[in-house]
Protein chains: 2
Amino acid sequence: MTRQGGYNLPEGVNAVRFSSKAVTRVAAGRVIGLSNEKKSAEQISKVSCSNCSVRALCLPAGLTAQDIDRLEQITRKKTVIKAGDQLFRAGDKFTSLYAIRSGSFKSVVIAADGSAQVTHFALPGELLGLDAYSTQAHPSYAEALENSSVCELPFAQLETLAQQVPGLQKQIFNLFSEELRQEKDVVMLLGKRSAEARLAALLINISERYTRRGYSATEFNLTMPRIDIANYLGLTAETVSRLISRFQKQELIKVQGRAITLLDKPGLATLAGVSCSD
Amino acid sequence: MTRQGGYNLPEGVNAVRFSSKAVTRVAAGRVIGLSNEKKSAEQISKVSCSNCSVRALCLPAGLTAQDIDRLEQITRKKTVIKAGDQLFRAGDKFTSLYAIRSGSFKSVVIAADGSAQVTHFALPGELLGLDAYSTQAHPSYAEALENSSVCELPFAQLETLAQQVPGLQKQIFNLFSEELRQEKDVVMLLGKRSAEARLAALLINISERYTRRGYSATEFNLTMPRIDIANYLGLTAETVSRLISRFQKQELIKVQGRAITLLDKPGLATLAGVSCSD
DNA sequence: TTCACCTCTTGATCTGGATCAAGTCTGGGC
DNA sequence: GCCCAGACTTGATCCAGATCAAGAGGTGAA
């Protein structure tokens, strides 16, 4: 649906691509280090949680090796989703949750008047589809922002297994609750904060989420286009662009295309009106 | 904490109070009919889900009589919370969920900079505290907007019971998912909609939620003060007040203090940019 | 009853971010 | 290589809603 040109991410190995001009300014080693994506977009069909990089955040968290084994048995496949492709569409019947192994997604709700609203950016280790349980249909669609891979968890089986494995039930409650808490943060953000505070908060938020996943806290890719960031934050692309320029002038961040370096995270946190781990 | 004066709700039987002027304009029968609160604020300690008016929406939904009985056994008490009192404070250790039997609450998060944000209005049959599970501490405080009663559900026991009763696990997932979906609706609302659309959407939303609880779809109390509505919608009290006046002039609603009559629900739905059940 | 203190309403002015309008940059196709 | 489409940037103008300000209506306490 969304055709991506220009600043788009490459299909292959590295999630970051620079213009020749930019490359001259960034050391090659750091460019590689910036990648949010694992080395290659594997398309292995055997699911193995135990060597998955996000197991500490995903459903296996807190489970015994034996229980993880049972979880692996119901996990149907690990698919590669290309940038721009949809994992599921709005209105699709709810049958499975999807755990993100690598890459990133946006969740988009289409309002009654046809307008789209980005409601969530999802990173590795997070589950997509939790909000579909109560109505048994996905209220939003999920689109890959870069080449991504996911594990599909048929919910009926997951539910049955959770009945037998207390740790799994706990972890599902945990992921539900965590997502609920995050949504409240978004509501807070959109509620009363200035455009400046919103963008600063998003940068801090994404930084912290990447940190928990073992990536650099200060250097990462904003895999989403400006227009999606704007939509998510309740702003326009122009305002986001202006703010990014201003933040650069204020030496809070450094930007090359979609690669971001946070130069002054405490400063951003102050703007955002949140405390930060720095 | 929040001292309430002026337009405050009475302590006693009826949630609605009118000025003498207003009373002359509203038939007594309809005033009674407007009440969002059940007849009296009972303080019975024996929990009985089977004769609770919100059982169809609350945890017992879909359970057998036998399972409801087990649920009742772990439900610790039914307390009356006075208007303005807090059910739990932000930062309190998470031990229980609270099911609202009658009345209404607001959830408020205090940001790092000290500013408060109303993140949710909770009505009978809804659970408070779901967002505290992942961190084991309440991120927000819950304050009664009118005299209310709740059932306390110690979560450790609820979790154990859910392990044994599949329908209960399902229903907990369901309430989590439903709240998540609702939060997404709020994000959509705050994202890009005009002040007018936000207020219209809130009125529609509250109307539909009361309808599901068996109250009138067109006549109900906005139990929350304007300032809370404004905070929740990311607006100022002045803007909310102006909009309410304008909606009255446009004959979309009729307002007496906090009592609201929706005169043109489809019209409001159009403004809100949502479809409605009317 | 009077007074203090709320919440709510209404008016006047100001401003942050939207909108409109050109551009520039980048990568892909030919 | 050149061209084109889409992502992004930057500038000028406009307006919805904030802010500031004043007053009205209602309640509880003395």
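Naming: A, B, ... by sequence-line order, numbering from 1 per chain.
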Grab the [atom1]-[atom2] distance between [X] and [N] for me, whole Å please.
{"X": "B/Gln256", "N": "D/dG25", "atom1": "CD", "atom2": "P", "value": "15 Å"}
{"X": "B/Gln248", "N": "C/dT10", "atom1": "CD", "atom2": "C1'", "value": "14 Å"}
{"X": "B/Leu243", "N": "D/dA16", "atom1": "CG", "atom2": "C1'", "value": "11 Å"}
{"X": "B/Asn231", "N": "C/dT7", "atom1": "CG", "atom2": "C1'", "value": "16 Å"}
{"X": "A/Arg242", "N": "C/dT19", "atom1": "CZ", "atom2": "P", "value": "12 Å"}
{"X": "A/Leu233", "N": "C/dG16", "atom1": "CG", "atom2": "C1'", "value": "15 Å"}
{"X": "B/Arg226", "N": "C/dC6", "atom1": "CZ", "atom2": "C1'", "value": "14 Å"}
{"X": "A/Leu222", "N": "D/dA7", "atom1": "CG", "atom2": "P", "value": "16 Å"}

Which one of B/Arg212, B/Arg101, B/Arg213 satisfies the salt bridge (charged side-chain N to carboxylate O under 4.0 Å, His left out) criterion with B/Glu126?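 Passing option: B/Arg213.
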As an exercise, state the distance from CD1 of B/Ile110 to CZ of B/Arg89, rounded to the nearest 0.5 Å.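 If I round to the nearest 0.5 Å, the distance is 11.5 Å.
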Spacing of CD1 belonging to A/Ile206 relative to OG belonging to A/Ser104, to within rounding of 0.5 Å: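 So the CD1 of A/Ile206 and the OG of A/Ser104 are separated by 8.5 Å.
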Which of the following nucleotides, [options], is nearest to the side chain of [X]?
{"X": "B/Ser241", "options": "D/dT10, C/dG17, C/dT9", "result": "C/dT9"}
{"X": "A/Thr236", "options": "D/dT10, C/dT19, D/dA7", "result": "C/dT19"}
{"X": "A/Glu238", "options": "C/dG17, C/dT19, D/dT19", "result": "C/dT19"}
{"X": "B/Leu235", "options": "C/dT9, D/dA7, D/dG17", "result": "D/dG17"}

Does B/Arg246 have a side-chain nitrogen or oxygen under 4.0 Å from the phosphate oxygens OP1 or OP2 of C/dT10?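 For B/Arg246, the contact criterion (side-chain N or O under 4.0 Å from OP1 or OP2 of C/dT10) is not met.
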Can you see if the side chain of B/Thr239 gets near the phosphate of D/dA16 - specifically, an N or O under 4.0 Å from OP1 or OP2? no
Within the side chain of A/Thr119, is there an N or O that forms a donor-acceptor pair under 3.5 Å with the backbone of A/Val109?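 The answer is no, because no donor-acceptor pair under 3.5 Å joins these two groups.
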Is a side-chain N or O of B/Thr218 found less than 3.5 angstrom from the main chain of B/Leu262, in a donor-acceptor match? no
